[in-house]
Each structure stands twice: as structure tokens, then as C-alpha cells.
**Q** 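The structure's right below; bear with me while I get my questions together.
First the proteins, then the strands, lettered A, B, ... as listed; each starts at 1. The figures here come from the full heavy-atom set of this structure, side chains too, leaving out hydrogens, waters and symmetry mates.
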2 protein chains.
Amino acid sequence: MSALLRLDAFLPYRLSAASNAVSKVIASAYQRRFELSVPEWRLIAVLREIGESTQQNLVQRTLMDKVAVSRAAERLVQRALVSRSEDENDGRARLLSLTRKGLALYDAIAPEARAYEKQLLAALSKEEIAALHAMLVRVQNAATALEQNARERDDEP
Amino acid sequence: MSALLRLDAFLPYRLSAASNAVSKVIASAYQRRFELSVPEWRLIAVLREIGESTQQNLVQRTLMDKVAVSRAAERLVQRALVSRSEDENDGRARLLSLTRKGLALYDAIAPEARAYEKQLLAALSKEEIAALHAMLVRVQNAATALEQNARERDDEP
DNA sequence: GCCATTTAGTTTCTTATGCAACCATCTTCC
DNA sequence: GGAAGATGGTTGCATAAGAAACTAAATGGC
């Protein structure tokens, strides 16, 4: 007989609990101070990083659903934080980029975001932080690989 | 001027990405094989661990919303995986416990859950895994502490 | 013992999320 | 050069999750 499975020592649970706690506090901060949802903030962050970009590109960068990107973009455009223009090379695509106002908002948020992160990681050393990031990436990759397997198994029979 | 904030080196994002990837693959496995949602599975796991329990107690153990617990319990009772009885000492509370059928289902799921976890952690050593768990807990605690602060700041002014 | 407050749990409403279907355009292969 | 399929994006729908209001019972002061 195998030992009991303890939920709070079970990785998927630990991960979800940590992620929930963090995103709850972060999300409510963005909301309260800047009236931004997390998806909206992600678009802003990535647009600041890479400049003009198609939505499809943002989907890959943020791992968000294309619907989520479309809706977040819509709201940001309405608030004039982001401008949307046609892509010369592809009639289907739309190019997003930050407006001056969007840039200003980014400049206001970024330091706060960093401050939050710092507090979250206050108990960890530089090396631990690096290790944590690396492990999260590895676990994430393992998960997507598993999902891939499941999909293939589903497709064949 | 401060350096750019890179989304994919930003802890809340990394955490959420990893957690999403993991819970997606896990959730679809539970769903497909056992017709259980993640909240339902959590209740089963904890009930197996601690035996008979009030819903309130399950809320604390699983960190789920009381509404989520109520709804998951409802479904499990309907499927006769869990039985619900009155609490002698407290007329408001209801005691949940696994039925024979629920226990059998647990016995079927637990090994699979462990196998998934093993694959997710395949790339990590024992020590790394322990470190990962410990760090996730610390980050989670930091987040709930931050949330506490925010609440207090909100209440006073 | 009785009112005020707190707590356990459910119901209801609102919002978020994700999938599927869809339209428009682009690619490619004959 | 014109189908057949693939791709970027939006819309619509169904379900999940969370907050708030509510009921019923318990606790605590007086």
C-alpha cells in the first residue's frame, strides 16, 4: 500500500496556492491604483519591451488566449493607452503599440511592480531566486510536454 | 532611469505561467478519467487525509472559497462519493466524509496523481524539489502578508 | 435570559475565462 | 489563377469563480 497523498505537499496544489496568493494581491493593486486587469498590464509590459507588435505575437509572448489578448487590447485602445493600426504586409493582422499615455502609465506602474516583486522575494537570496525561476520554467516545460503527449494519444486511436 | 521590466523574468508572471500549464494538464486528466474538477479532487484528497470534517475546515485546508467548497461538496454528495451529516455540536455545520465509493475513487486517482507529479518534477533532484516547495511556501506567505497590510491600510483612513 | 455580533453554509448575481464557430485574408499547390 | 487549407482576429456561448446578500445557528456580554 502506498503512503497517503498529502495535498499540501503536492506540487500542483503548492503551485496553484502560491500563484493564487500572489496574483490576488498583485491584481488588486493594479486594479485599485491604475484600473488595469492583469491581462491588460501584461500587454502593456510586453509592448513596452518589444515595441509595435501583432496580437498573435503578443499571444505567444504572454501565453494568453488570443481572445484574452483581443479583449484586453480593445479596452486599452478605448482608453487610448494603445493604438491599433493596419499591418501593411498582412490585411488580417493589426499592429498594436503604446501611445504616449500608455508609456506614461507603464512608467508609473513598473517601479511599483518591481517593489511588489521585491517584497515577495524578500526572504530569498539572489541564488535562490535564480533557482526558483529556472525550476518554474522547467516544470512549466514538463507540463506542456505532457499536454502534447496527451493530445497525440487522443488524436490517434 | 531603471531597466526595462521583462515580463518573463517577473515572478508573478512566471508563477502564473507555470501554475496554469500544470493545472491545465492535471485538470484535464482528472476530468477525462474520473469526471472530477480540481476542487472536487481537492476535497477528496483532504477528506482522505483527515477523515470526517466540516466544510469550514476544508476551506482552511484547501484555501478554496467557501462557495467553491459548498458547490464541490454538493456534487460529490450527489455522486455518492461523499456523505454529509449533521454536526451534533453545531447545528449550522455539516460533516463531510468519504463514502466507500469515494475511498475507492481516491485509491484509483492517487497513484496517477503521483505519477503526474513525478513527471513534472523529473528534471529536478530531491534537494531541488524540497527547495522549490519551501520557496513556494515562503512566497505565498509573503503574498498573504502583503494582502493583510493592504487591507489594514484600507480599513483605517 | 436576551440582544448584538459572529460564524457556517447556501443562493444569487456579476464578471472572467476559454472554447467553438465564424469571417476575412493569406499561402500553396496543382 | 483558382480551389483547399491555414492563419489572424472577433463574436457568441457556456461554464467557472468570486463577491455580496441572505438564512440559520452559535457565542458573548450584560
**Q** Can you classify the ring geometry of B:Tyr106 versus B:Trp41 as parallel (below 30°), tilted (30 to 60°) or perpendicular (above 60°)?
**A**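 Geometry flag for B:Trp41 against B:Tyr106: parallel rings.
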**Q** How close or far is atom P of C:dT25 from atom CG of A:Asp90, stated in whole angstroms?
**A**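 Rounded to the whole Å, the gap is 10 Å.
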**Q** What integer distance in Å separates B:Lys66:NZ from C:dT7:P?
**A**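 Result: 10 Å.
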**Q** Go nucleotide by nucleotide along DNA chain D from the 5' end; which of A:Val69 and B:Asn89 gets its closest nucleotide reached first?
**A**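 In this pair, the answer is A:Val69.
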**Q** Just checking, any donor-acceptor pair under 3.5 angstrom between side chains of B:Arg42 and A:Ser16?
**A**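 Looking only at side-chain atoms, A:Ser16 and B:Arg42 do form a donor-acceptor pair, the distance falling under 3.5 Å.
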**Q** Quick check on C:dT10: is either OP1 or OP2 less than 4.0 Å from any side-chain nitrogen or oxygen of B:Ser70?
**A**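 Checking B:Ser70 against C:dT10: at least one side-chain N or O falls below 4.0 Å of OP1 or OP2.
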**Q** Provide, to the nearest angstrom, the distance between the CZ atom belonging to A:Arg75 and the P atom belonging to C:dT17.
**A**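 Checked: the CZ to P distance equals 12 Å.
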**Q** Separation of A:Arg94 atom CZ from C:dC26 atom P, in whole Å?
**A**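 Atom CZ in A:Arg94 sits about 13 Å away from atom P in C:dC26.
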**Q** Which is true for B:Ser37 with a 4.0 Å heavy-atom rule: it touches a base, it touches only sugar-phosphate, or it touches nothing?
**A**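 Result for B:Ser37 = nothing.
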**Q** Would you kindly give the CD-to-P distance between B:Glu86 and D:dA24, to the nearest whole Å?
**A**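 Interatomic distance, CD of B:Glu86 to P of D:dA24: 14 Å.
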**Q** Go nucleotide by nucleotide along DNA chain C from the 5' end; which of A:Val67 and B:Asn57 gets its closest nucleotide reached first?
**A**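 Here B:Asn57 is the residue nearer the 5' end.
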**Q** Is it true that B:Glu128 and A:Arg138 make a salt bridge, defined as a side-chain N closer than 4.0 Å to a carboxylate O?
**A**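 A salt bridge is present here (some side-chain N lies under 4.0 Å from a carboxylate O).
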**Q** Quick test of your reading of the model: are B:Arg79 and B:Glu35 salt-bridged, counting only N-O distances below 4.0 Å?
**A**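 B:Glu35 and B:Arg79: not salt-bridged.
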**Q** Would you classify B:Ala93 as touching base, sugar-phosphate or nothing, given that sugar-phosphate means primed atoms plus P, OP1 and OP2, and contacts are heavy atoms under 4.0 Å?
**A**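 B:Ala93: backbone/sugar contact only, no base atoms under 4.0 Å.
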**Q** CZ of A:Arg84 versus P of D:dG8: gap in Å, rounded?
**A**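 That distance rounds to 16 Å.
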**Q** Given side chains that start at C-beta, do those of A:Leu76 and A:Leu98 come closer than 4.5 Å, heavy atoms only?
**A**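 Side chain of A:Leu76 against side chain of A:Leu98, heavy atoms only: no contact under 4.5 Å found.
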**Q** Hey, which sits more toward the 5' end of DNA chain C by its nearest nucleotide, B:Ala73 or A:Asp65?
**A**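 Result of the comparison: B:Ala73.
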**Q** Could you check how far CZ of A:Arg42 sits from C1' of C:dT17, rounded to whole Å?
**A**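 In whole Å, C:dT17 C1' lies 13 Å from A:Arg42 CZ.
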**Q** Tell me: CD of B:Gln55 to P of C:dT7, nearest whole Å?
**A**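 Distance, rounded to whole Å: 17 Å.
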**Q** Classify the side chain of B:Arg71 versus the base of D:dG18 as yes if they form a donor-acceptor pair under 3.5 Å and no if they do not.
**A**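 Pair found.
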